[in-house]
**Student:** 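Below is one structure. I have some questions about it.
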Amino acid sequence: MRVAIVGDPVEHSLSPVMQNAAFASAGLKWEMIRVRVPAGGGADVINRVRAGEFAGLAVTMPLKEEAARSVDDLDAASTRQRSVNTVVGIGSGHARGLSTDGAGFVNSLYAQDIALTGARVHLLGAGGAARSIVAALGAIDGCEVTISNRTHSAAEAAAELSGSAQAVVADNLPDAVAAADIIVNTTSVGMGSDVDAGLIPLPVELIASDHVVADIVYHPLTTALLSSAAIRGAQTVDGLGMLVHQAVLQCEAWTGFTPDPVVMRSAAEAELGQRSG
Ligand code: ATR
């Protein structure tokens, strides 16, 4: 059986190494290939799932919204976000869309024994990743979410994805962060060469030793935010956690097999190591 990672670009996606390691660990004769599909190609590639060419898809930018419009049905999280990162062929020419990003983020925290029931979470950023996280946190009992973003209107729109989320303006960021148990960076600040400049998405003095600080940026694995947080005594969660745990849920949705996240993480780390070496 064959699944594909689709989007544009897909050359640097870690999905194939993670999924192929997961398939191999179970002795499954499945493989993931990369298929570059630019904007506008979403409906066509989903027809290839309906026709049985692919058993499923991992969907990345810029196809997540297009794919959500093209599938035959959507899970609850994708319906709210109007975006999917996973497509599953379900026989008789049907394709179902799912979003595993938010649940993957939640599972990455659970994997580090971080509780979310009754927790207060502050999200920095309000893009696609933030929206999936807000939707997933909104389903957890007593989890209160605040969101700040460079463009405030996007924070307000993201907050609407959960009954208990609130957008906060920049002036109120210090209070929102002080009240939070968990701070999550979902912005692209800290990615790639930002690490050399030491760029972090909030004033460092707002981070306290009793915070958990999570970053969804995984290139580099140790962002300037995570090193600063560690220096200030906070517990940290790196961005590979979300990537791996959302991939575990994708593999489960396609094959019915739940892979060991450690297998997928090792494959991703080996690939990242090779690229930087
Ligand atoms: P993703 O799918 O990874 O969430 P995205 O949807 O493009 O990516 O969202 C990027 C997020 O990073 C947005 O919240 C964006 O803020 P805006 O809504 O104001 O664009 C945020 N972001 C990107 N560059 C930033 C910067 N230099 N400073 C602060 N926030 C930034």
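In each ligand, atom 1 is the first atom listed, and ligand 1 is the first ligand listed.
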**Student:** Start with the C-alpha gap between S164 and S162, add the side-chain angles, then the distance that decides, and say whether side-chain hydrogen bond (donor to acceptor under 3.5 Å, both in side chains) holds.
**Tutor:** CA-CA 5 Å; S164 57; S162 153; 3.3 Å; yes
**Student:** In terms of side-chain geometry, is the basic nitrogen of E65 or R69 positioned less than 4.0 Å from the acidic oxygen of its partner?
**Tutor:**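 Looking at R69 together with E65, the answer is no, because their closest N to O distance does not fall below 4.0 Å.
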**Student:** Just to be sure I understand the cut-off, which residues have at least one non-hydrogen atom under 4.0 angstrom from an atom of ligand 1?
**Tutor:**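 Ligand 1 is contacted, at a heavy-atom distance under 4.0 Å, by G125, A126, G127, G128, A129, N149, R150, T151, T187, S188, V189.
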**Student:** Look at R2 together with E31 and state whether they make a salt bridge at an N to O cut-off of under 4.0 Å.
**Tutor:**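 Salt bridge flag = yes for E31 with R2.
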**Student:** Is a donor on one side and an acceptor on the other found under 3.5 Å between the side chain of Q112 and the backbone of T236?
**Tutor:**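 Side chain of Q112 to backbone of T236: a pair is present.
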**Student:** Applying the side-chain hydrogen bond (donor to acceptor under 3.5 Å, both in side chains) criterion to K64, which one of N85, T86, D101 satisfies it?
**Tutor:**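 When side-chain hydrogen bond (donor to acceptor under 3.5 Å, both in side chains) is applied between K64 and each of N85, T86, D101, only D101 qualifies.
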**Student:** Ignoring hydrogens and geometry beyond distance, is a side-chain donor-acceptor pair present between H245 and S108 at under 3.5 Å?
**Tutor:**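 No pair is found: no donor N or O on one side chain lies under 3.5 Å from an acceptor on the other.
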